[in-house]
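All remarks here apply to the structure that follows.
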Amino acid sequence: MENFFSLDGKFFRFINKFTSLIALNFLFIITSLPIITIGVSFYALYQTNLKLSQNTESYIARTYFFFWRKNLKQNTCNDFIYILSN
């Protein structure tokens with residue numbers, strides 16, 4: 001039982017993942033408020049969640065905004081083309 005509540009135990013790993021997912025969803029909601037950037041926000045959410053599931057990332061916001069900036073120009077242009085074609 002003492003390993004359960006240690007900082008490396010299952011309980012704290014679960015709480016860490018859970019709070020990371022809450023923070024990630026909050027970032028997604030904030031950055032997708034303008035409808036134009038919802039594609040970019042979804043891409044960043046997906047890539048950051050993928051990194052989080054592989055246990056290769058510790059800074060959620062930094063990774064999210066890295067992927068968000070990386071794909072901003074390309075995805076925004078694609079969104080405008082899609083909107084104008086319909």
Side-chain angles (χ1 to χ4, degrees):
M1 194 68 171
E2 67 185 48
N3 288 337
F4 184 73
F5 288 112
S6 71
L7 291 178
D8 294 329
K10 291 181 182 179
F11 178 71
F12 280 107
R13 281 188 286 166
F14 170 75
I15 294 297
N16 188 21
K17 287 268 190 185
F18 186 72
T19 55
S20 296
L21 288 174
I22 289 173
L24 188 58
N25 285 318
F26 181 71
L27 287 172
F28 173 74
I29 289 170
I30 294 299
T31 56
S32 65
L33 283 178
I35 300 299
I36 304 294
T37 61
I38 198 160
V40 178
S41 299
F42 187 73
Y43 172 78
L45 173 75
Y46 176 76
Q47 290 296 327
T48 308
N49 199 12
L50 190 63
K51 292 278 187 187
L52 185 65
S53 69
Q54 296 171 349
N55 293 327
T56 58
E57 191 53 46
S58 59
Y59 298 107
I60 300 299
R62 184 180 296 169
T63 306
Y64 181 84
F65 285 116
F66 170 76
F67 286 118
W68 198 83
R69 276 183 264 127
K70 179 181 173 184
N71 202 27
L72 180 64
K73 187 188 299 183
Q74 178 185 2
N75 204 346
T76 305
C77 291
N78 289 344
D79 287 345
F80 277 131
I81 291 170
Y82 179 75
I83 290 170
L84 292 175
S85 69
N86 286 336

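When reading the values below, keep in mind they use all heavy atoms of this one structure, side chains included, and skip hydrogens, waters and symmetry mates.
Rounding to the nearest 0.5 angstrom, the gap separating the CZ atom in F28 from the CD1 atom in I38 is 5.0 Å. The distance from atom OH of Y64 to atom OG of S20, rounded to the nearest 0.5 Å, is 14.5 Å. Within the model, atoms CH2 of W68 and CZ of F65 stand 7.5 Å from one another, a figure rounded to the nearest 0.5 Å. To the nearest 0.5 Å, the span separating CG on L24 from NZ on K17 amounts to 11.5 Å. Atom CG of L21 and atom CD1 of I60 lie 7.5 Å apart (nearest 0.5 Å).
Of the possible donor and acceptor atoms, none in the side chain of T31 sits under 3.5 Å from a partner among the backbone N and O of S41.
Under the 4.5 Å side-chain heavy-atom criterion for Ile, Leu, Val, Met, Phe, Trp and Tyr, L52 and F67 are members of distinct hydrophobic clusters. Under a hydrophobic-cluster definition in which Ile, Leu, Val, Met, Phe, Trp and Tyr are linked whenever side-chain heavy atoms come within less than 4.5 Å, directly or via other members, F42 and V40 are assigned to the same cluster.
A donor-acceptor pair shorter than 3.5 Å cannot be found between the side chains of T48 and T63.
Between N16 and F12, the closest side-chain pair of non-hydrogen atoms is not below 4.5 Å.
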